[in-house]
Undergrad: 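Pasting in a structure now, in structure tokens, and then I'll have a few things to ask.
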Amino acid sequence: MDSLRERKKARTRAELQRHALRLFAERGYEATTVEDIAGAAEVARSTFFRYFATKEDVVLFDDVDPLFEETLASIPVGTPLLVALIEAIRATFAELDEQKRAHEELRMRLVRTVPEIAAALRARGAWDVEQTARLVASALGRTPEDIEIVTLAGALTGARFAAQALVAREPHRSYVDTTLEVLERLRSGILLFDEPIVSSS
């Protein structure tokens, strides 16, 4: 019974987000109200707030990250970490249907362009170094406090922000594909670290 209830709740949450993202794409984030989202999903306004505390939350709800972590856990032992991360991202998004992938791209665009959502993301500590350090430390059998783990987590967190910055400048880019491209460059080594500076300004 509990699992049935949880599945029903998960479906309702997913439907609310699906309708919200569709409306945001059609009307814009600011022009879409909670009432609009609830009406599209054919539920009461109070039902929306049982699942999401704010309108920002309906964008920030992420049901792909758990799939990514499951996929990462299935990568064969002995695979180099960055290779495993890249393979897990590719495999996770390959499993998504076209609509779901488009919704993920829209979610990331809203994070880039809506100040309230960006602020909410920062307030929740998402994409932070500590969260990433816990993930990679678990994969490598080390502690999240290890300086090498923290340094690596900082680089990986920075890669996500780099992908966002690239897509912000070139909106035709796919956020997912750009993230993979950035990680591949990280894997190859950042040769600019060894470039001599040409200006002290």
Undergrad: Excluding sequence neighbours, so at least two apart, what forms salt bridge (Lys or Arg N to Asp or Glu O under 4.0 Å) with Glu104?
TA: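 Applying salt bridge (Lys or Arg N to Asp or Glu O under 4.0 Å) to Glu104 gives Lys100, Arg107.
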Undergrad: Minimum heavy-atom separation for Ala159 and Leu183, please, with both atom names.
TA: CB-CD2, 3.9 Å
Undergrad: Do Asp177 and Arg90 sit within salt-bridge range, that is, some charged N less than 4.0 Å from a carboxylate O?
TA: no
Undergrad: To the closest 0.5 Å, what do you measure between CG (Leu135) and CG (Asp65)?
TA: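 Output value for this atom pair is 9.0 Å.
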Undergrad: Could you tell me which non-hydrogen atom of Ala163 sits nearest to which non-hydrogen atom of Thr179, and how far apart they are?
TA: CB-OG1, 3.4 Å
Undergrad: Would you say the side chain of Val167 lies within less than 4.5 Å of the side chain of Arg112, judging by non-hydrogen atoms?
TA: yes
Undergrad: Ring of Tyr175, cation from Arg109 - is the NZ or CZ under 6.0 Å from the centre and inside 45° of the axis?
TA: no
Undergrad: Determine whether Arg173 and Glu181 make a side-chain contact, defined as any pair of heavy atoms from C-beta on separated by less than 4.5 Å.
TA: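 Answer yes - side chains close enough.
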Undergrad: Is Leu156 reachable from Leu140 through a run of hydrophobic residues whose side-chain heavy atoms are each under 4.5 Å from the next?
TA: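 Yes, Leu140 and Leu156 fall within the same hydrophobic cluster.
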Undergrad: Tell me whether Phe68 is reachable from Leu152 by hopping between hydrophobic residues (I, L, V, M, F, W, Y) whose side-chain heavy atoms are closer than 4.5 Å.
TA: yes
Undergrad: So, for Ala155 and Leu186, which heavy atoms are closest and what is the spacing to 0.1 Å?
TA: O-CD2, 4.2 Å
Undergrad: Hydrophobic clusters here meaning ILVMFWY residues chained together by side-chain heavy-atom distances under 4.5 Å, can you tell me if Leu166 and Ile190 are in one?
TA: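 They do not share one cluster, since no chain of ILVMFWY contacts under 4.5 Å joins Leu166 to Ile190.
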Undergrad: Could you walk me through whether Val58 and Phe48 pass the side chain to side chain contact (heavy atoms under 4.5 Å, CB included) test, one step at a time?
TA: CA-CA 9 Å; Val58 79; Phe48 176 93; 4.1 Å; yes
Undergrad: Set out, in order, the CA-CA distance, both residues' side-chain angles and the distance that settles side chain to side chain contact (heavy atoms under 4.5 Å, CB included) for Gln164 and Arg160, then state yes or no.
TA: CA-CA 6 Å; Gln164 285 279 35; Arg160 297 183 76 166; 5.9 Å; no
Undergrad: For residues Val114 and Val59, determine if any side-chain heavy atom of one lies less than 4.5 Å from a side-chain heavy atom of the other.
TA: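 Answer no - side chains too far apart.
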Undergrad: I want to check something: taking the side chain as every heavy atom from C-beta on, are Pro144 and Glu130 in contact at a cut-off of under 4.5 Å?
TA: no
Undergrad: Leu23 and Ala40: which non-hydrogen atoms are nearest, and at how many Å?
TA: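 Residues Leu23 and Ala40, closest heavy atoms: CD1-CB, 4.0 Å.
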Undergrad: Flag the pair Ser74 / Glu70 as yes when at least one side-chain heavy-atom distance between them is below 4.5 Å, and no otherwise.
TA: no
Undergrad: Under the criterion side chain to side chain contact (heavy atoms under 4.5 Å, CB included), I'd like the reasoning laid out for Gln99 against Arg18: C-alpha separation, chi angles, the key distance, then a yes or no.
TA: CA-CA 9 Å; Gln99 182 187 65; Arg18 182 175 69 82; 3.7 Å; yes
Undergrad: Does this structure show an ion pair linking Glu26 with Arg22, if we count only N-O contacts that are shorter than 4.0 Å?
TA: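 Salt bridge between Glu26 and Arg22, a charged N being under 4.0 Å from a carboxylate O: yes.
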Undergrad: Would a 4.5 Å heavy-atom cut-off, applied to side chains only, mark Phe49 and Thr54 as touching?
TA: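 Sidechains of Thr54 and Phe49: no contact.
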Undergrad: Quick one: do Asp36 and Arg27 make a salt bridge, cutoff under 4.0 Å?
TA: yes
Undergrad: Hey, is Lys55 close enough to Glu116 for a salt bridge, meaning N to O under 4.0 Å?
TA: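 Salt bridge between Lys55 and Glu116, a charged N being under 4.0 Å from a carboxylate O: no.
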Undergrad: Nearest 0.5 Å, please: how far is CZ in Arg5 from CZ in Arg7?
TA: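 Reported value, rounded in 0.5 Å steps: 11.5 Å.
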Undergrad: Answer yes if the side chains of Arg50 and Thr47 hold a donor-acceptor pair under 3.5 Å, and no otherwise.
TA: yes
Undergrad: I'd like to know whether CD of Glu69 has more than 12 heavy-atom contacts from other residues, nucleotides or ligands below 6.0 angstrom.
TA: yes
Undergrad: Under 4.0 Å between a side-chain nitrogen and a carboxylate oxygen: does that hold for Glu184 and Arg187?
TA: yes
Undergrad: Cation-pi check for Tyr51 against Lys9: NZ or CZ below 6.0 Å from the six-membered ring centre and within 45 degrees of the axis, yes or no?
TA: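 Judged by the rule (NZ or CZ under 6.0 Å from the ring centre, within 45° of its axis), Lys9 is not positioned above Tyr51.
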Undergrad: Any heavy-atom pair between the side chains of Leu60 and Val111 that's under 4.5 Å?
TA: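 Side-chain contact under 4.5 Å: yes.
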Undergrad: Quick check: closest heavy atoms across Leu180 and Ile86, and the distance to 0.1 Å?
TA: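 In terms of heavy atoms, the two residues are closest at CD2-O, 3.8 Å.
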Undergrad: Hey, could you give me the OG/CG distance between Ser188 and Leu82, rounded to the nearest 0.5 Å?
TA: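 Here the interatomic distance stands at 9.0 Å.
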Undergrad: Would you say the side-chain atoms of Asp146 and Thr143 include a donor-acceptor pair closer than 3.5 Å?
TA: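 No, because no side-chain N or O of Asp146 sits under 3.5 Å from a partner of the opposite role on Thr143.
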Undergrad: What do you reckon, is CD of Glu170 surrounded by more than 12 foreign heavy atoms closer than 6.0 Å?
TA: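 Atom CD in Glu170 is packed in, count exceeds 12.
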Undergrad: Would you say Ile147 and Val150 make side-chain contact, with heavy atoms under 4.5 Å?
TA: no
Undergrad: If you group Ile, Leu, Val, Met, Phe, Trp and Tyr by side-chain heavy-atom gaps below 4.5 Å, do Leu21 and Phe52 land in one group?
TA: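 Result: yes, single cluster for both.
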Undergrad: To the closest 0.5 Å, what do you measure between CG (Leu110) and CD (Glu56)?
TA: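 One gets 11.0 Å once the value is rounded to the nearest 0.5 Å.
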Undergrad: Looking only at side chains, do Thr79 and Glu87 share a donor and an acceptor under 3.5 Å apart?
TA: no
Undergrad: Which pair of non-hydrogen atoms, one from Ile149 and one from Ala137, has the smallest distance, and what is that distance?
TA: CG2-CB, 4.0 Å
Undergrad: For Glu35, which of Thr33, Thr32, Ile37 qualifies under side chain to side chain contact (heavy atoms under 4.5 Å, CB included)?
TA: Thr33
Undergrad: Walk me through whether Ile117 and Tyr29 qualify under side chain to side chain contact (heavy atoms under 4.5 Å, CB included).
TA: CA-CA 10 Å; Ile117 298 174; Tyr29 179 80; 3.7 Å; yes
Undergrad: Nearest 0.5 Å please: distance from the CE atom of Met108 over to the OG1 atom of Thr113.
TA: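 Taking CE in Met108 and OG1 in Thr113, the distance rounds to 11.0 Å.
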